[in-house]
Each structure stands twice: as C-alpha cells, then as structure tokens.
*Asks:* 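If you scroll down you'll find the structure; I have some questions about it.
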Protein chains: 2
Amino acid sequence: MAKLDESLLAHLPPFSLLGREQIREILDLATSQRFEEGATVYHESEDAGRFYLLLDGTVRALHITPEGEHVTALHVPAGQLFGIARALGRSTYPATVETVSEAIVLWWPMSLWPQFIARYEGFATETYRTVGERLGEMQTRIIELSVLHVEQRVASTLLRLVDQTGRKAEGGILIDFPITRQDLSDMTGTTLHTVSRLLSAWQKQGIVESRRKQIMVCEPQSLTALSTARPA
Amino acid sequence: MAKLDESLLAHLPPFSLLGREQIREILDLATSQRFEEGATVYHESEDAGRFYLLLDGTVRALHITPEGEHVTALHVPAGQLFGIARALGRSTYPATVETVSEAIVLWWPMSLWPQFIARYEGFATETYRTVGERLGEMQTRIIELSVLHVEQRVASTLLRLVDQTGRKAEGGILIDFPITRQDLSDMTGTTLHTVSRLLSAWQKQGIVESRRKQIMVCEPQSLTALSTARPA
DNA sequence: CAGGCATATTGCGCCAGAACAAACTTTGAT
DNA sequence: ATCAAAGTTTGTTCTGGCGCAATATGCCTG
C-alpha cells in the first residue's frame, strides 16, 4: 500500500494538536480502504473490532427494524471519526454504517483505542466533543419528531444536510451526495410519496430544484420559514 | 451539614473500584442537596457549573420548545450521574433537568471534573458507559418515533418505565413516581387526550390500572404484544 | 366543608398524511 | 436500440389521532 501523507490528518481536529512524528506513527498503524457507493462498512451489534476515520465521502448510520424499515440516525461528513463504540463503553457497534457516496476511510484495530486516548493529546477531548455533538443532533431529531409536522421536519432536515455537506453551485446550494426521496423519508419518519409531493411543491415555488438523486436548495430562508412556522 | 457515609457511594458503578479513602475524599468535596417534587435542577444552555449524582428519587431531562411544548428526553433513575456536560465536551447543559419526585443529589463543581477523570480509576469508563447507554436509549426513541404508531409508542414507553423504575405491587407492577397523562404524552410525542383514551381502553381490558398520577401495569405481556404488533 | 385548581375523561369533527395504485422518467446494462 | 431496474410523480381513498370543548373527579387550602 502507498505510504500515506501526514498532511491527511494534520488539520483534522482529533489530531491537530499532534506533532509530525506522532501523526506518522498513527498513519503507520492505519489501514486505508475504499468503499463503493452504498457499501456497508459494518453492521449493527457486530463486534466492534475497528474504529474509523472518514477521509473522503459521506457515510450514514442507520437502523433496520425487524419489519425491514430503515431509519437513518445520522450522517457523518468527511473528516470525522466513526465506529467509536469504545468511547461509549460499548463492545459492539450501535448502528449499521453504510456509504452514501464513494468513500475512503482509515481504520485502526479497536485494541489501539486505549493507547490513542492515553498517548495523543487532544484526541480524547475531540472525540468526546464529537460524541457530544452527535448526541445533540439526536436530541434535535427527537424534538423534531415529537413536535413538528412532516413538512417542517423535511424542511429542517434539508437545511441540516445543506449545512453539513452543502456545496455552492449556480442558483443555490447543492447537497453533496446522492440522495433519494426514500432516503429523505427514512430520515424524517415519513413516506417517499409525501416527500416527493413536498419537493414538487417546493420546486414549483422555486425553493428547491431537484433532479434524480440530487437536491439543490435555492432559497434556504424559505425553508427556514417553513420549518418554524406554526401553520394556522 | 451532616457528614455523609462512605457506603452511599461504595456500591455505585462510577465509584465501585475505589478504596475507602478515595470515596471519603470525594464525599468531602461534595455538596448534598434536596429538591422538592417538580423542582428544576438546572436549565438547558445554562453554564454547566456542576455535575450531579442522583442519590434518591428520579429526575428527567427535557426540552422546552419556543412554542412552549415539553419534550422529555430521558429519565434518570437513582444512582446515576447527570449533568455531565463535560464528558461531552460541552460547557453548557444540553437539557433542562427537573425532579419527578422528591430527590436527593450530590454535586461537585465542574472544575473538579478533570481530576475525577484522571485520578479515580473506573470513573471515566463508567461515565462513558452511562453516556453510551443514554445514547442507545435516544436511538431507540428515534426509531420508535419514526416507525411506530402512537399506541405502540405509548405501550413501549410504559414498558420502559416499568423496567427502569417498576415496583412490585399487588395486582401488577407500579411505576414508582408520579406520572400524568401529560407527562406520558410528552414522552411519546402525542397529546394527553390520546394517552387518556388509550389508558382508559387498556384499563377496560385489564391491562393497566391507573389512578390519578399513578399507573400500574397488570399485564406486561399484553403491552409487549401491543407495542410490536403490526395492526392490519 | 366550601371553593378552587389541577388532572382526567369523553364526544365529535376534521384533516394531514399514510396506504394503495399506476404511470412515467432516467439510467445503465446487454 | 432495447430492455430492465431504480427512482419519481401523481391521483384517489381512507383513517389515526389531533383540536376543540364540555364535564367529571379527586386534591389542596383556607
């Protein structure tokens, strides 16, 4: 395998406090791996043997119910750690992770976890910050699911995605990975039919523009309005 | 203030690995405080100045939306830590915490947190296990809110409460703190009306028995059935 | 024990959104 | 080009459960 360059990690929060040699050390312990779009990295409740860093692409954490329904818990953008079950005192992965687009990851055996925490300055702190952020996101999800209507949930989900992975494009901000109506409905707890109707309506109003597997938000303000307004 | 006894902490997971002197140390740093039923311990987004151990009673973490709706995130049973914002890399509390019944807590200034983590064996590990468990609970909530119907959500919420704080009583298992239909609806993302109807119906079937602010589950199996069954 | 307040029950109408159904479009493979 | 598969749109029907409103019941206070 080609030797990995230190600059890959140097600017990422979990490693930003570390010196060159330490990063070299870490990289030499890592394995890099490429995943196709839609590939499964690991399954829920599997033994948590590795922890991962997402170098490029997007992955999502999801659950599959006994009835076969998919519920998306979380999207992870490039640059973040995932599969960090040990940070939560768990020995199995709490969710299934699959790639949303082609993805490049680094991984380390979980047996190295304690030494990463102990040896590398800032690694623990940043990791727990990440955990805290995800927890916050989940709380927001719960609140939204509890009190918001479908339309509001879809609107704020779109806003969140734009915020996390939006890429400037002409006429709006593009969500930077392939996303279907079904995906959106898995994130919002509704059906793809309803999402389709909403997007069509919004497109007519010029708020979004959507092609197959692609959504561009043209008027974020309008979505914000939709997501907060309590309709009469 | 009366001196606290070491036996208070000795058997609790975060401290169970510690020796007598260490526990003494910890207790001497602690302040104990009693809260009335329904009292607020701290508010969301307040500066996280303390971390808490719940010695007796039950507290709940909740959010209040701008519109004034309450969403209950989590119940914390006696013996657990809460307000551990620092474990999540946060400097403010992520939710409001209020007591559900009369409660006794110990608290320490958050400035002691780093030293607790560093000095006391097992404290960090157990803390993160707690975080992991709560995260798991939240995931379950999200899944339930996404794919289950109101009746199923109420049923499984009742089961969870029975599981966490149930106390054997004649004729069934009693939920060991005062709980209103409104509370239940805040936990399940529905209205108190619907909860009331459901409880009435279940009472007629002999599945539960409810007085004012009190619910007893007589036939857990029936609730389990209700919570999983995919109604035609 | 009277009055007042919080909690609970119940009936009714209505509508957001799910379920079902079917056609259409884009993409990619042969 | 042709075909198949995946994704999307749109129409119609139906219902769970919310909103509103009135009433009942237990609980606390003075």
Side-chain angles (χ1 to χ4, degrees), chain A residues 36-38 65 67-71 100-102 144-155 157-158 175 177-205 208-216 226-227 229-232, chain B residues 36-38 65 67-71 100 144-155 157-158 175 177-205 208-216 226-227 229-232:
Chain A
E36 298 285 343
E37 175 178 330
T65 68
E67 286 77 25
E69 307 228 43
H70 291 223
V71 178
V100 162
S101 53
E102 191 194 351
E144 288 181 356
L145 285 168
S146 298
V147 304
L148 298 188
H149 291 218
V150 169
E151 181 179 43
Q152 305 177 297
R153 299 208 299 265
V154 175
T157 302
L158 274 183
I175 291 173
F177 54 78
I179 182 170
T180 67
R181 326 283 146 160
Q182 176 73 59
D183 291 336
L184 255 182
S185 70
D186 288 344
M187 288 180 232
T188 50
T190 180
T191 60
L192 83 158
H193 308 269
T194 301
V195 171
S196 177
R197 282 178 236 273
L198 285 173
L199 286 179
S200 301
W202 292 344
Q203 178 139 358
K204 280 203 191 82
Q205 297 169 51
V208 304
E209 242 172 77
S210 68
R211 296 170 254 316
R212 171 176 253 244
K213 286 196 171 204
Q214 203 178 86
I215 301 174
M216 181 168 74
L226 280 169
S227 72
R230 186 67 282 269
Chain B
E36 297 286 343
E37 175 177 331
T65 67
E67 286 77 25
E69 308 229 42
H70 290 224
V71 179
V100 163
E144 288 180 356
L145 285 167
S146 298
V147 304
L148 297 188
H149 292 214
V150 169
E151 181 179 43
Q152 304 177 296
R153 298 208 299 265
V154 176
T157 301
L158 274 183
I175 291 173
F177 55 77
I179 181 169
T180 66
R181 327 282 145 157
Q182 177 73 60
D183 291 337
L184 255 182
S185 70
D186 288 344
M187 287 181 232
T188 49
T190 179
T191 60
L192 82 158
H193 310 270
T194 302
V195 170
S196 179
R197 284 178 241 272
L198 286 172
L199 286 179
S200 300
W202 292 343
Q203 177 138 358
K204 280 203 190 83
Q205 296 169 51
V208 304
E209 241 171 78
S210 68
R211 295 171 254 316
R212 169 175 257 245
K213 285 199 174 202
Q214 202 178 82
I215 301 174
M216 182 168 72
L226 280 169
S227 72
R230 190 69 279 272

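All chains are named by letter (A, B, ...) in the order of the sequence lines, taking the proteins before the strands, and each is independently numbered beginning at 1.
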*Asks:* Give me, pair by pair, the N or O atoms of the protein and of nucleotides 21-23 of chain C that are less than 3.5 Å apart, along with how far apart they are.
*Replies:*
unit_1: dA21(C); atom_1: N6; unit_2: H193(A); atom_2: ND1; d: 3.3

*Asks:* In whole angstrom, what separates E151(B)'s CD from dT15(D)'s P?
*Replies:*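 About 16 Å, once rounded to whole Å.
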*Asks:* Take the protein atom CG of L198(B) and the nucleotide atom P of dT10(C), then report the distance between them rounded to whole Å.
*Replies:*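 In whole Å, dT10(C) P lies 12 Å from L198(B) CG.
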*Asks:* Do the side chains of L148(B) and T65(A) get nearer than 4.5 Å, heavy atoms only?
*Replies:*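 Answer no - side chains too far apart.
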*Asks:* Here's a test of your reading of the structure: between S196(A) and R212(A), which maps to the more 5' nucleotide of DNA chain D?
*Replies:*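 This one resolves to R212(A).
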*Asks:* Counting N and O atoms only, with roles assigned by atom type, does the side chain of Q214(B) sit under 3.5 Å from a partner on the main chain of R211(B), one being a donor and the other an acceptor?
*Replies:*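 No; judged by distance alone, with no hydrogens or angles, the pair does not exist.
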*Asks:* Nearest whole Å is fine: how far is dT9(D) P from K213(A) NZ?
*Replies:*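 Rounded to whole Å, this separation is 14 Å.
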*Asks:* Report the distance from atom CZ of R211(B) to atom P of dG26(D), rounded to the nearest whole Å.
*Replies:*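 Rounded to the whole Å, the gap is 12 Å.
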*Asks:* Compare all side-chain heavy atoms of L198(A) with those of V150(A) and state whether any distance is below 4.5 angstrom.
*Replies:*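 In short, these two side chains touch, coming nearer than 4.5 Å.
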*Asks:* Check the distance between dG16(D)'s C1' and R153(B)'s CZ and give it to me in whole angstrom.
*Replies:*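 In whole Å, dG16(D) C1' and R153(B) CZ are 11 Å from each other.
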*Asks:* Whole Å only: how far is the CD atom of E67(B) from the P atom of dG19(D)?
*Replies:*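 Rounded to whole Å, this separation is 13 Å.
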*Asks:* Quickly work out the L199(A) CG to dG7(D) P distance and round it to whole Å.
*Replies:*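 Answer to the nearest Å: 15 Å.
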*Asks:* Going by heavy atoms in the side chains, are F177(B) and D183(B) under 4.5 Å from each other?
*Replies:*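 The answer is no; the side chains never approach within 4.5 Å.
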*Asks:* Does any residue of residues 179-187 of chain A have a heavy atom under 4.0 Å from DNA chain C, and if so, which ones, in number order?
*Replies:*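 Those residues whose heavy atoms fall under 4.0 Å from DNA chain C, taken from residues 179-187 of chain A, amount to none.
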*Asks:* Atom CD of E37(B) to atom C1' of dC27(D): distance rounded to whole Å?
*Replies:*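 So the two atoms are 13 Å apart, to the nearest Å.
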*Asks:* Give the intermediate values and the outcome of salt bridge (Lys or Arg N to Asp or Glu O under 4.0 Å) for residues R197(B) and E151(B).
*Replies:* CA-CA 10 Å; R197(B) 284 178 241 272; E151(B) 181 179 43; over 6 Å; no
*Asks:* Taking L192(A)'s backbone N and O only, do any of them form a donor-acceptor pair with R181(A)'s side chain (distance below 3.5 Å, no angle check)?
*Replies:*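 The answer is no, because no donor-acceptor pair under 3.5 Å joins these two groups.
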*Asks:* Which residue, V195(A), V154(A), T180(A), T194(A), forms the side chain to side chain contact (heavy atoms under 4.5 Å, CB included) with S185(A)?
*Replies:*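 Exactly one option meets the side chain to side chain contact (heavy atoms under 4.5 Å, CB included) with S185(A), and it is V195(A).
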*Asks:* Write down the atom of V71(B), the atom of S146(A), and the distance for their closest heavy-atom approach.
*Replies:*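 Scanning both residues, the minimum pair turns out to be CG1-OG, 3.8 Å.
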*Asks:* Please confirm whether the shortest side-chain N or O distance from T191(A) to OP1 or OP2 of dA19(C) is below 4.0 Å.
*Replies:*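 For dA19(C), neither OP1 nor OP2 has a side-chain N or O of T191(A) closer than 4.0 Å.
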*Asks:* Can you tell me which nucleotide in dG17(D), dT7(C), dA18(C) comes closest to the side chain of T190(A)?
*Replies:*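 The answer is dA18(C), which lies nearest to the side chain.
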*Asks:* Applying a 4.0 Å non-hydrogen cut-off, can you work out what L192(A) is touching in the nucleic acid: base, sugar-phosphate, or nothing?
*Replies:*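 Counting heavy atoms under 4.0 Å across all strands, the contact made by L192(A) includes a base.
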*Asks:* Side chains of I179(A) and M187(A), heavy atoms from C-beta outward: is any pair under 4.5 Å?
*Replies:*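 Contact flag for I179(A)/M187(A) side chains = yes.
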